[in-house]
2 protein chains.
Amino acid sequence: MVRGKTVIEKIENTTSRQVTFSKRKGGLFKKARELGVLCDAQVGVLLFSNTGRLYDYSNSNSGYAACYLHSEVLIR
Amino acid sequence: MVRGKTVIEKIENTTSRQVTFSKRKGGLFKKARELGVLCDAQVGVLLFSNTGRLYDYSNSNSGYAACYLHSEVLIR
DNA sequence: TTTGCTATTTATAAGAT
DNA sequence: TATCTTATAAATAGCAA
(Lines give C-alpha, C1' and ligand atoms only; values in the text may rest on other atoms or scores of the structure.)
Protein backbone atom coordinates (compact mmCIF):
# COMPACT_ATOMS: atom_id res chain seq x y z
CA MET A 1 0.00 0.00 0.00
CA VAL A 2 1.12 3.53 -0.82
CA ARG A 3 4.02 2.51 -3.02
CA GLY A 4 5.45 5.95 -3.67
CA LYS A 5 4.87 9.68 -3.53
CA THR A 6 1.44 10.61 -4.83
CA VAL A 7 1.74 12.78 -7.92
CA ILE A 8 -0.85 15.54 -7.88
CA GLU A 9 -2.45 15.29 -11.31
CA LYS A 10 -5.87 14.20 -12.52
CA ILE A 11 -6.58 10.52 -11.86
CA GLU A 12 -7.68 9.18 -15.23
CA ASN A 13 -9.18 5.90 -14.04
CA THR A 14 -12.80 6.66 -13.19
CA THR A 15 -13.17 4.16 -10.37
CA SER A 16 -9.93 5.22 -8.69
CA ARG A 17 -10.87 8.86 -9.06
CA GLN A 18 -14.23 8.36 -7.37
CA VAL A 19 -12.75 6.34 -4.52
CA THR A 20 -10.09 8.99 -3.97
CA PHE A 21 -12.74 11.73 -4.07
CA SER A 22 -14.78 10.00 -1.41
CA LYS A 23 -11.79 9.41 0.87
CA ARG A 24 -10.23 12.85 0.51
CA LYS A 25 -13.60 14.58 0.89
CA GLY A 26 -13.85 12.92 4.29
CA GLY A 27 -10.32 14.00 5.15
CA LEU A 28 -10.88 17.59 4.04
CA PHE A 29 -14.11 17.96 6.02
CA LYS A 30 -12.43 16.49 9.08
CA LYS A 31 -9.56 18.99 8.80
CA ALA A 32 -12.08 21.80 8.38
CA ARG A 33 -13.97 20.74 11.48
CA GLU A 34 -10.78 20.48 13.53
CA LEU A 35 -9.60 23.92 12.46
CA GLY A 36 -12.94 25.40 13.42
CA VAL A 37 -12.85 23.89 16.90
CA LEU A 38 -9.14 24.34 17.68
CA CYS A 39 -9.01 27.94 16.54
CA ASP A 40 -12.58 29.04 17.20
CA ALA A 41 -13.00 29.94 13.51
CA GLN A 42 -15.91 29.85 11.09
CA VAL A 43 -15.38 27.42 8.25
CA GLY A 44 -17.18 26.68 5.00
CA VAL A 45 -16.19 24.13 2.37
CA LEU A 46 -17.92 23.39 -0.93
CA LEU A 47 -17.17 20.58 -3.33
CA PHE A 48 -18.55 19.87 -6.77
CA SER A 49 -17.60 16.43 -7.90
CA ASN A 50 -16.71 15.51 -11.41
CA THR A 51 -20.18 13.96 -11.69
CA GLY A 52 -21.89 17.24 -10.79
CA ARG A 53 -22.79 16.39 -7.22
CA LEU A 54 -22.54 19.00 -4.46
CA TYR A 55 -21.10 18.33 -1.03
CA ASP A 56 -20.56 20.88 1.72
CA TYR A 57 -19.38 21.38 5.23
CA SER A 58 -19.85 24.37 7.47
CA ASN A 59 -19.77 25.01 11.18
CA SER A 60 -21.56 28.31 10.74
CA ASN A 61 -25.13 28.85 11.85
CA SER A 62 -25.91 30.23 8.44
CA GLY A 63 -23.84 27.55 6.73
CA TYR A 64 -26.57 26.10 4.62
CA ALA A 65 -27.71 29.41 3.16
CA ALA A 66 -24.13 30.42 2.60
CA CYS A 67 -23.28 27.24 0.77
CA TYR A 68 -26.43 27.51 -1.28
CA LEU A 69 -25.54 30.99 -2.46
CA HIS A 70 -21.98 29.94 -3.05
CA SER A 71 -23.11 27.04 -5.21
CA GLU A 72 -25.40 29.26 -7.25
CA VAL A 73 -22.43 31.29 -8.30
CA LEU A 74 -20.08 28.38 -8.90
CA ILE A 75 -22.42 26.52 -11.23
CA ARG A 76 -23.07 29.47 -13.50
CA MET B 1 7.69 17.88 19.46
CA VAL B 2 4.17 16.52 19.20
CA ARG B 3 4.14 14.94 22.64
CA GLY B 4 0.78 13.21 22.45
CA LYS B 5 -2.54 12.95 20.63
CA THR B 6 -3.95 16.33 19.84
CA VAL B 7 -7.23 16.89 21.63
CA ILE B 8 -9.69 18.70 19.39
CA GLU B 9 -10.90 21.53 21.60
CA LYS B 10 -10.41 25.28 21.55
CA ILE B 11 -6.79 26.33 22.12
CA GLU B 12 -7.01 28.87 24.91
CA ASN B 13 -3.53 30.37 24.55
CA THR B 14 -3.87 33.19 22.02
CA THR B 15 -0.42 32.90 20.50
CA SER B 16 -0.64 29.13 20.12
CA ARG B 17 -4.12 29.43 18.63
CA GLN B 18 -2.96 31.92 16.02
CA VAL B 19 0.09 29.86 15.07
CA THR B 20 -2.06 26.75 14.74
CA PHE B 21 -4.60 28.67 12.65
CA SER B 22 -1.91 29.82 10.27
CA LYS B 23 -0.40 26.37 9.89
CA ARG B 24 -3.65 24.44 9.54
CA LYS B 25 -5.04 27.03 7.13
CA GLY B 26 -2.10 26.23 4.87
CA GLY B 27 -2.70 22.52 5.28
CA LEU B 28 -6.43 22.81 4.56
CA PHE B 29 -5.90 24.89 1.41
CA LYS B 30 -3.27 22.45 0.20
CA LYS B 31 -5.64 19.51 0.70
CA ALA B 32 -8.37 21.44 -1.12
CA ARG B 33 -6.07 22.14 -4.05
CA GLU B 34 -4.96 18.51 -4.26
CA LEU B 35 -8.54 17.22 -4.21
CA GLY B 36 -9.46 19.60 -7.01
CA VAL B 37 -6.61 18.44 -9.22
CA LEU B 38 -6.69 14.72 -8.45
CA CYS B 39 -10.45 14.37 -8.85
CA ASP B 40 -11.16 17.14 -11.34
CA ALA B 41 -13.54 18.78 -8.86
CA GLN B 42 -14.49 22.37 -8.08
CA VAL B 43 -13.50 23.45 -4.60
CA GLY B 44 -14.20 26.46 -2.44
CA VAL B 45 -13.04 27.05 1.12
CA LEU B 46 -13.76 30.01 3.36
CA LEU B 47 -12.25 30.77 6.73
CA PHE B 48 -13.08 33.47 9.23
CA SER B 49 -10.45 33.65 11.91
CA ASN B 50 -11.11 34.38 15.51
CA THR B 51 -9.85 37.89 14.86
CA GLY B 52 -12.43 38.49 12.13
CA ARG B 53 -10.14 38.10 9.14
CA LEU B 54 -11.31 36.34 5.98
CA TYR B 55 -9.22 33.83 4.05
CA ASP B 56 -10.36 31.84 1.06
CA TYR B 57 -9.30 29.32 -1.50
CA SER B 58 -11.05 28.33 -4.70
CA ASN B 59 -10.05 26.69 -7.93
CA SER B 60 -13.20 27.91 -9.62
CA ASN B 61 -13.17 30.62 -12.27
CA SER B 62 -15.85 32.41 -10.35
CA GLY B 63 -14.19 31.68 -7.05
CA TYR B 64 -13.74 35.24 -5.94
CA ALA B 65 -17.36 36.24 -6.52
CA ALA B 66 -18.54 33.02 -4.94
CA CYS B 67 -16.48 33.56 -1.83
CA TYR B 68 -17.59 37.16 -1.62
CA LEU B 69 -21.24 36.16 -1.65
CA HIS B 70 -20.54 33.38 0.78
CA SER B 71 -18.87 35.74 3.19
CA GLU B 72 -21.74 38.22 3.01
CA VAL B 73 -24.03 35.55 4.33
CA LEU B 74 -21.69 34.18 6.97
CA ILE B 75 -21.01 37.51 8.61
CA ARG B 76 -24.64 38.43 9.02
C1' DT C 1 1.75 36.26 11.30
C1' DT C 2 4.62 32.91 8.99
C1' DT C 3 8.56 29.55 8.67
C1' DG C 4 12.35 26.04 9.77
C1' DC C 5 13.18 21.96 12.57
C1' DT C 6 11.79 17.11 13.51
C1' DA C 7 9.57 13.53 16.55
C1' DT C 8 5.07 11.80 16.31
C1' DT C 9 0.58 11.58 15.01
C1' DT C 10 -2.45 11.31 10.91
C1' DA C 11 -4.00 10.63 6.40
C1' DT C 12 -4.29 7.65 2.80
C1' DA C 13 -3.10 4.36 -1.58
C1' DA C 14 -3.73 -0.06 -2.86
C1' DG C 15 -5.95 -4.47 -2.10
C1' DA C 16 -9.58 -7.15 -0.66
C1' DT C 17 -14.40 -7.55 0.64
C1' DT D 1 -19.92 2.16 -4.14
C1' DA D 2 -18.49 2.40 0.84
C1' DT D 3 -15.52 0.10 4.30
C1' DC D 4 -11.38 -2.53 6.64
C1' DT D 5 -6.49 -3.21 6.75
C1' DT D 6 -1.79 -1.59 7.00
C1' DA D 7 2.52 0.07 5.06
C1' DT D 8 4.12 4.46 3.89
C1' DA D 9 3.70 9.36 2.75
C1' DA D 10 2.23 13.65 4.72
C1' DA D 11 0.74 16.86 8.31
C1' DT D 12 1.80 19.11 12.35
C1' DA D 13 2.82 20.50 17.78
C1' DG D 14 5.99 22.74 20.33
C1' DC D 15 10.17 25.76 20.06
C1' DA D 16 12.66 29.24 18.14
C1' DA D 17 13.29 33.11 15.08
Side-chain angles (χ1 to χ4, degrees), chain A residues 1-60 63-64 66-68 70-71 74-75, chain B residues 1-60 63-64 66-68 70-75:
Chain A
M1 310 79 176
V2 184
R3 300 186 215 176
K5 276 188 67 171
T6 301
V7 179
I8 303 301
E9 57 185 20
K10 179 179 177 182
I11 298 170
E12 296 299 340
N13 181 277
T14 303
T15 302
S16 299
R17 188 172 62 246
Q18 293 179 338
V19 170
T20 293
F21 181 83
S22 175
K23 288 184 175 180
R24 281 183 174 252
K25 172 167 64 64
L28 189 67
F29 286 178
K30 183 179 182 184
K31 289 288 188 184
R33 179 180 61 75
E34 293 183 347
L35 179 52
V37 174
L38 288 167
C39 305
D40 192 28
Q42 286 187 74
V43 188
V45 182
L46 277 184
L47 284 178
F48 284 94
S49 73
N50 191 266
T51 57
R53 245 166 127 163
L54 170 65
Y55 299 88
D56 73 274
Y57 167 77
S58 176
N59 67 355
S60 168
Y64 182 80
C67 288
Y68 180 73
H70 194 169
S71 69
L74 280 176
I75 60 181
Chain B
M1 311 79 176
V2 184
R3 301 184 215 178
K5 273 189 69 169
T6 300
V7 179
I8 304 301
E9 58 186 19
K10 180 177 175 181
I11 298 170
E12 296 300 340
N13 180 278
T14 302
T15 302
S16 299
R17 188 172 62 244
Q18 293 179 337
V19 170
T20 293
F21 181 83
S22 175
K23 289 185 175 182
R24 281 183 174 250
K25 170 166 65 66
L28 189 67
F29 286 179
K30 183 180 180 183
K31 288 287 189 184
R33 180 181 59 75
E34 293 183 345
L35 180 53
V37 174
L38 287 169
C39 305
D40 192 28
Q42 285 187 76
V43 189
V45 182
L46 278 183
L47 284 177
F48 283 94
S49 73
N50 192 265
T51 57
R53 260 219 225 193
L54 171 64
Y55 300 88
D56 73 273
Y57 167 78
S58 176
N59 67 355
S60 168
Y64 181 80
C67 288
Y68 180 72
H70 195 169
S71 68
E72 282 197 316
V73 176
L74 280 175
I75 60 182

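Treat the numbers as computed from the prediction; the structure is a model and nothing was measured. Note on naming: letters A, B, ... go to the chains in the order of the sequence lines (proteins, then strands), and numbering restarts at 1 for each one.
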> Given atom CG of A:L35 and atom P of C:dT10, what is their separation to the nearest angstrom?
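Between P of C:dT10 and CG of A:L35: 16 Å.
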> From CD of A:E34 over to C1' of C:dT9, roughly how many Å is that when rounded to an integer?
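That distance rounds to 11 Å.
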> Can you tell me how far C1' of D:dA13 sits from CD1 of B:I8, to the nearest Å?
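In whole Å, D:dA13 C1' lies 11 Å from B:I8 CD1.
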> Does B:R17 reach a base, just sugar-phosphate, or nothing at all? Heavy atoms under 4.0 Å.
nothing
> So which heavy atom on A:V7 is nearest to which on B:L38, and how close?
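Shortest heavy-atom contact: O-CD2, 3.7 Å.
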> Nearest 0.5 Å, what's the CD1-CZ distance between A:I11 and A:F21?
11.5 Å
> Starting at CD of B:E9 and ending at C1' of D:dA13, how long is that distance when rounded to a whole Å?
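To the nearest whole Å, that distance equals 14 Å.
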> Which nucleotide, D:dA13, C:dA11, D:dA11, lies nearest any side-chain atom of B:T6?
D:dA13
> Nearest nucleotide by nearest heavy atom, which residue falls closer to the 5' end of DNA chain D, B:G26 or A:Q18?
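Nearer the 5' end of the strand: A:Q18.
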> Regarding B:S16, tell me which of base, sugar-phosphate or nothing describes its non-hydrogen contacts under 4.0 Å with the strands shown.
nothing
> Rounded to the nearest angstrom, tell me the gap between atom NZ in B:K30 and atom P in D:dA9.
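It works out to 14 Å between those atoms.
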> Within the 4.5 Å heavy-atom criterion, are B:L47 and B:F29 side-chain neighbours or not?
yes
> Looking at every heavy atom in both B:N59 and B:G36, which two are closest together, and how far apart are they?
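Scanning both residues, the minimum pair turns out to be ND2-CA, 3.7 Å.
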> Among the candidates D:dA10, C:dA13, C:dT2, find the nucleotide nearest to the side-chain atoms of B:V19.
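When the side chain of B:V19 is considered, C:dT2 is the closest of D:dA10, C:dA13, C:dT2.
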> Quick one: B:F29 CZ to D:dA11 P, roughly how many Å, whole number?
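After rounding, the gap between these two atoms is 15 Å.
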> Side-chain N or O of A:K31 versus OP1/OP2 of D:dT12: is the shortest distance under 4.0 Å?
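For A:K31, the contact criterion (side-chain N or O under 4.0 Å from OP1 or OP2 of D:dT12) is met.
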> For C:dT2 and B:S22 - does any side-chain N or O of the residue sit under 4.0 Å from the phosphate oxygens OP1/OP2?
yes
> Let's see if you can work this out: which of C:dG4, C:dG15, C:dA11 has an atom nearest to the side-chain heavy atoms of B:K23?
C:dG4
> What is the separation between atom CZ on B:R24 and atom P on C:dT1, rounded to the nearest whole Å?
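About 19 Å, once rounded to whole Å.
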> Let me know which of A:K23, A:K10, A:R24 forms a salt bridge (charged side-chain N to carboxylate O under 4.0 Å, His left out) with B:E34.
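Looking at A:K23, A:K10, A:R24, the match for B:E34 under the salt bridge (charged side-chain N to carboxylate O under 4.0 Å, His left out) is A:R24.
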> Roughly how many Å is it from OH in B:Y55 to C1' in C:dT1, rounded to a whole number?
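To the nearest whole Å, that distance equals 7 Å.
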> Using only side-chain N and O atoms of B:K5, determine if any of them is under 4.0 Å from OP1 or OP2 of C:dT8.
no
> Identify, between B:L38 and B:T15, the residue whose nearest nucleotide on DNA chain C lies closer to the 5' end.
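The 5'-side residue here is B:T15.
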